[in-house]
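We number each residue from 1, following the sequence as shown. All values below come from the heavy atoms of this structure, side chains included, with hydrogens, waters and symmetry mates left out. Note that the structure is predicted; figures quoted are calculated from it, not measured.
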Amino acid sequence: MSDEKSSWLIYGFVARGTVVLAEYTEYTGNFAAIAARCLDKLPSSNNRFTYACDGHTFNFLVNDGYAYCVVAKESAPKHVSVAFLERAKTDFKKRYGGGKADTALPKSLNKEFGPVIKEHMQYIIEHADEIEKLIKVKAQVSEVKSIMLDNIEKTMDRGEKLRDLEEKTTDLRNQAQDFKKQGTKVRKKMWLQNMKIKLVILGILLIFVFIIWMSICHGFDCTKHSGEENKHTPAEENEGPQ
């Protein structure tokens, strides 16, 4: 491992709030004081924060009231610092979560967790290439997952649109059937009205014919009068011109 690579990470600590519980470094300098000042300004929300100063990056991970820090050279890849912070957080929570770390005094965990910080630094630096490849694979998986979720969402959206279209088609079909039924009822009603009008007209015509017939026949004896008019007496038949 090259000297440049071995010196990527120069200082790390774990703090509860602003109280440093454990730290580790093999270098001398003012980076510990600068990191402490940064710690005072950190937001309380769970997140990662990075500050740059004097050719170094001060990287913090805040999680559930604890702050994990690593000071790295600016030449160190970002994924190296991120990987260390995640590894240190996971190990610290596994060892002390809900335990004595909640009431521990400043730097009282140095003896226990200081060497652990060193081990994590060495591990991250030695496996930096593998970690970078793993991060790239995770990024690709995340991208594929995002694309799949987007496609699923679009498919579901198309399904919703198709369902809406199907519902509208059903509504239109029902409306058409209702309109057809109403049209049939209207036609029947108009037919009945027409029949009534025709029957009324027919009745009026029959009454009119009956009235004419009655006026011509002077009553119901039209046939009788007609027969009497056609009768001739024998005397009238025998009479002839003299």
Side-chain angles (χ1 to χ4, degrees), residues 1-139 142:
M1 182 169 53
S2 66
D3 292 339
E4 172 65 20
K5 191 174 182 180
S6 64
S7 62
W8 276 350
L9 306 180
I10 62 175
Y11 175 61
F13 70 70
V14 179
R16 184 188 66 243
T18 59
V19 178
V20 176
L21 303 178
E23 63 181 355
Y24 171 78
T25 185
E26 293 181 352
Y27 301 89
T28 58
N30 62 346
F31 43 80
I34 295 173
R37 289 200 298 271
C38 294
L39 190 61
D40 291 333
K41 300 177 182 179
L42 281 181
S44 59
S45 57
N46 290 354
N47 210 335
R48 285 197 299 266
F49 306 92
T50 300
Y51 305 96
C53 181
D54 295 336
H56 297 82
T57 58
F58 294 76
N59 306 275
F60 295 88
L61 172 61
V62 179
N63 182 266
D64 297 337
Y66 286 85
Y68 306 86
C69 172
V70 64
V71 179
K73 288 187 175 181
E74 283 185 337
S75 58
K78 184 176 179 60
H79 72 269
V80 170
S81 301
V82 172
F84 169 81
L85 293 174
E86 292 291 343
R87 192 176 179 87
K89 180 198 73 173
T90 300
D91 196 344
F92 187 83
K93 292 182 72 172
K94 183 178 179 180
R95 293 169 184 262
Y96 303 107
K100 62 181 181 179
D102 293 341
T103 57
L105 297 175
K107 299 184 181 180
S108 60
L109 300 181
N110 255 359
K111 185 176 180 180
E112 295 178 12
F113 203 72
V116 176
I117 294 175
K118 177 183 179 180
E119 291 176 5
H120 289 319
M121 284 182 174
Q122 291 176 342
Y123 178 88
I124 294 299
I125 292 173
E126 290 171 359
H127 298 83
D129 294 338
E130 292 88 337
I131 291 172
E132 183 179 12
K133 292 178 183 178
L134 181 60
I135 290 174
K136 288 182 179 179
V137 170
K138 286 183 177 179
S142 179

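- Note that CG of Leu109 and CZ of Arg16 are 9.0 Å apart. Values are rounded to the nearest 0.5 Å.
- Separation of atoms CG (Asn47) and CG (Leu61) is listed at 8.5 Å; rounding is to 0.5 Å.
- Between the His79 side chain and the Pro77 main chain, no donor and acceptor come within less than 3.5 Å of each other.
- At distances below 3.5 Å, at least one donor-acceptor pair connects side-chain atoms of Tyr66 with backbone N or O atoms of Ala101.
- Looking at Glu23 and Lys118, no side-chain N of the basic residue comes within less than 4.0 Å of a carboxylate O on the acidic one, giving no salt bridge.
- Across Thr57 and Lys73, no two heavy atoms sit closer than the pair OG1-O, 4.4 Å.
- Side-chain contact between Val80 and Leu9 is present, with at least one heavy-atom pair separated by less than 4.5 Å.
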> Yes or no on side chain to side chain donor-acceptor pair (under 3.5 Å) for Tyr11 and Glu26, after CA distance, side-chain angles and deciding distance?
Replying inline: CA-CA 8 Å; Tyr11 175 61; Glu26 293 181 352; over 6 Å; no
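- For Lys107, the NZ atom is loosely surrounded, since the number of other residues' heavy atoms within 6.0 Å does not exceed 12.
- For the pair Ser6 and Ile125, the tightest heavy-atom approach, listed with the atom from each and the gap, is O-CD1, 3.7 Å.
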>> One pair to check against side-chain contact (heavy atoms from CB on, under 4.5 Å): Lys5 and Trp8. What are the steps and the verdict?
In response: CA-CA 5 Å; Lys5 191 174 182 180; Trp8 276 350; 3.7 Å; yes
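- Considering only heavy atoms from C-beta on, Asn59 stays 4.5 Å or farther from Val82 through its side chain.
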>> Between Phe92 and Leu21, is the side-chain contact (heavy atoms from CB on, under 4.5 Å) condition met? List the steps.
In response: CA-CA 11 Å; Phe92 187 83; Leu21 303 178; 4.1 Å; yes
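- At least one side-chain heavy atom of Ser7 sits less than 4.5 Å from a side-chain heavy atom of Tyr27.
- The shortest non-hydrogen separation linking Cys53 to Ile34 is SG-CD1, 4.0 Å.
- Residues Phe84 and Arg87 form no side-chain contact, since every pair of their non-hydrogen atoms from C-beta on lies 4.5 Å or further apart.
- Of all non-hydrogen atoms in Ile117 and Ala22, the two that sit nearest each other are CD1-O, 3.9 Å.
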> What's the verdict on ring-ring contact (aromatic ring centres under 6.0 Å, His included) for Phe60 and Phe49, showing C-alpha distance, side-chain angles and the deciding distance?
Replying inline: CA-CA 5 Å; Phe60 295 88; Phe49 306 92; 8.1 Å; no
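- Distance check: Lys41 NZ to Thr18 OG1 gives 14.0 Å after rounding to the nearest 0.5 Å.
- Using a 4.5 Å heavy-atom cutoff, the side chains of Pro106 and Val20 are not in contact.
- Within the 4.5 Å cutoff, side-chain heavy atoms of Leu85 are placed close to those of Val70.
- Residues Arg95 and Asp91 are paired through a salt bridge, judged by an N-O separation under 4.0 Å between the basic side chain and the carboxylate.
- Salt bridge Lys89/Glu86: present, at least one basic N to carboxylate O contact under 4.0 Å.
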> Checking side-chain contact (heavy atoms from CB on, under 4.5 Å) for the pair Tyr68/Phe13: CA distance, chi angles, key distance, verdict?
Replying inline: CA-CA 6 Å; Tyr68 306 86; Phe13 70 70; over 6 Å; no
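- Closest non-hydrogen pair, Ile131 versus Ala83, comes out as CG2-CB, 3.9 Å.
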>> For Cys69 and Val71: C-alpha separation, side-chain torsions, deciding distance, then whether side-chain contact (heavy atoms from CB on, under 4.5 Å) applies.
In response: CA-CA 7 Å; Cys69 172; Val71 179; 4.3 Å; yes
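- A 4.5 Å side-chain heavy-atom check between Tyr24 and Ile10 finds every atom pair outside the cut-off.
- Taking both residues in full, the closest heavy atoms of Val62 and Ser44 are given as CG1-O, 3.9 Å, listed atom of the first, atom of the second, then distance.
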